[in-house]
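Quick notes on the structure that follows.
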Amino acid sequence: MNRVVVLTIKVLLWVTAVVVPCFVGMLLFFLLDKGLPVISLKLLFGDVAPVKALLLRERVFDGIFPAMAGTFLVVLLSVMWAIPMGVLSGIYVAEFAGGTVKKILDISFDVLASVPSIVIGLFGLTLAIFLHKNISHRIYPCLLISSAALAILILPYIVRTTELSIESVSLPLRLAGLSLGATKQRNLLSVILPRCSGGILSGVILATGRAAEDTAVIMLTGVVASAGIPHSLFSRFEALPFYIYYISSQYADQYELKKGFGAAIVLLIITGMLFGFAHLLKKLVARKINGFD
Amino acid sequence: MSASAGNWKIAVENLDVFYGTRQVLKNVNVEAAEKSLTCIVGPSGCGKSTFLMAINRLIDEIPGAKAKGKIRVKLNDSHPMDVLKLGDDRLPQLRRRIGLVFQNPNVLPMSVFNNVAFPLKIMRARKKEIEEKVENALKKVSLWEEVRSRLNYPARELSGGQQQRLCLARVLAMGPEILLLDEPTSFLDERLAIKIESLLMELKKEITIVMVSHYLSQVNRLADRVYRLG
């Protein structure tokens, strides 16, 4: 190949490799510059003593603690819906679905992955209205509806990563278990799933991160600006992404705006911890099972 | 060759194997006598490994692969059967009795011990029995001394030669009636290869072995009968 072309490609690759970290760095710098000064216990708990807030003895009105708790609960519930459904669907598509069925399911999950989150939010809202009219008048947009809608949002990520992880297991390894007399099911449980558990885990945690940062879905299905800690699945709740959105559009003074930046840093820390946890877990599982990363 | 005459254990008649539309094996006829070692030789890519995988129907697990013809096998407690006509539900049992060792070591993503114990656990052997059989199998392939202190280590950490012997031990632990070997010494140095050859000489007194080998000298030393493919 022409030397000029090779050099051009090298420079382009180098530039693109540098541009991404630069943008991330700029974003972090901007966020830390604006939000770091307000990061304090007051941002989290307002004027309430942290212990009293954590033990739910006193309600926090002026801090982001209820939003953190709301985010935690809605994400926890949504992954509880999505993980079993997503992993099992992924296993089915990768291992058991035949030609046409597999194609239809693959297209369906791809379409679901490309549905904008606001549309899924609208679906959740419609579901809440349907349940309100037909099941019980006490059902409104709430934590349960939000978590179900978020589960639909993250489901295709979990299905696809599970499917791809399973399909990436090499043929010789698949044959190894089967050649020793394992049934297809036993081979799946004892050989294939342990081998690709790291990949599945990564998908699950990435999906969890996606659920933690989404605003459009929860905005239509149960989140409010000031609800405190939810007391039941049918309660409304607060969440960090919505708090950031709300405060950045409704702030009364510069301090309130800075609180929004502070909340964004807290959200970033939470998702960062999730990714760190995923990375650690993936390494541990890989080392324990496979003896390599 | 007719399968009706002689002390045969495996009789392959007019075997054709296709990968999609590509024919890999055409009209193969092989007969392996009971308690003997039959060697399959031939150039690379002529379908020797495919032939072995057809005998225990592992070929079924390769997407797009199809086998036609007859592969008759006499197992100890049953009448001669055509394995190509067996229902899918009987394949795991068939593969436990017709063990296959691949050319490239494919250890399972688990510890050294569990690799050898895996087929025994499938057969629901007792813990004590599993421990004994694992140790015996590892001793047979001259691996016990090298791994006895590392039984709980991941099998992936073993060297290529150790992995190859581990795979052989894993199959021997099942106690198969027929042993299919695909280049069983390709990753071993000369000293270990000779040990494994001695083991095979002992094993063929008890079980039927069908082996693919590229080494002519090895074939001459071990084989009771040689077939050329391709």
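Each chain gets a letter, A, B and so on, in the order the sequences are listed, and its residues count up from 1. Worth knowing before you read on, the calculation uses all heavy atoms, side chains too, and leaves out hydrogens, waters and symmetry mates.
- Atom CZ of A:Phe72 sits in a sparse spot, with 12 or fewer heavy atoms from other residues, nucleotides or ligands closer than 6.0 Å.
- Looking at A:Pro172 and B:Phe102, their side chains never come closer than 4.5 Å, going by heavy atoms from C-beta outward.
- The residue among B:Ile122, B:Ile98, B:Val171, B:Val101 with the most heavy atom pairs within less than 4.5 Å of chain A is B:Ile122.
- Contacts of B:Glu61 with chain A are made by both backbone and side-chain atoms, with heavy-atom separations under 4.5 Å.
- When heavy atoms are compared at a cutoff of 4.5 Å, A:Ser190 approaches chain B by way of both its backbone and its side chain.
- How far CD of B:Gln93 is from OG1 of A:Thr183: 12.5 Å, rounded to the nearest 0.5 Å.
- With hydrogens and angles disregarded, a donor-acceptor distance shorter than 3.5 Å links the side chain of B:Arg96 to the backbone of A:Gly181.
- For B:Glu206, the CD atom counts as loosely surrounded, since its 6.0 Å shell holds 12 or fewer non-hydrogen atoms of other residues, nucleotides or ligands.
- Scanning both residues, A:Ala176 and B:Leu108, for their nearest heavy atoms gives CB-CD2, 3.8 Å.
- For A:Phe96, the CZ atom is densely surrounded, since the number of other residues' heavy atoms within 6.0 Å is greater than 12.
- Of the inter-residue distances, the one linking B:Met123 atom CE with A:Leu180 atom CG reads 9.0 Å to the nearest 0.5 angstrom.
- Under a cut-off of 6.0 angstrom, the local environment of CH2 in B:Trp144 is crowded, with over 12 non-hydrogen atoms contributed by other residues, nucleotides or ligands.
- Atom CZ of A:Phe123 has 12 or fewer neighbouring heavy atoms from other residues, nucleotides or ligands inside a 6.0 Å radius.
- Residues B:Leu100 and A:Leu175 form no side-chain contact, since every pair of their non-hydrogen atoms from C-beta on lies 4.5 Å or further apart.
- Closest approach of A:Ser179 and B:Met174 over heavy atoms only: O-CE, 4.4 Å.
- Only the side chain of B:Met53 has a heavy atom closer than 4.5 Å to any heavy atom of chain A.
- Interface remark: A:Leu171 contributes side-chain atoms only to the contact with chain B (heavy atom separation under 4.5 Å).
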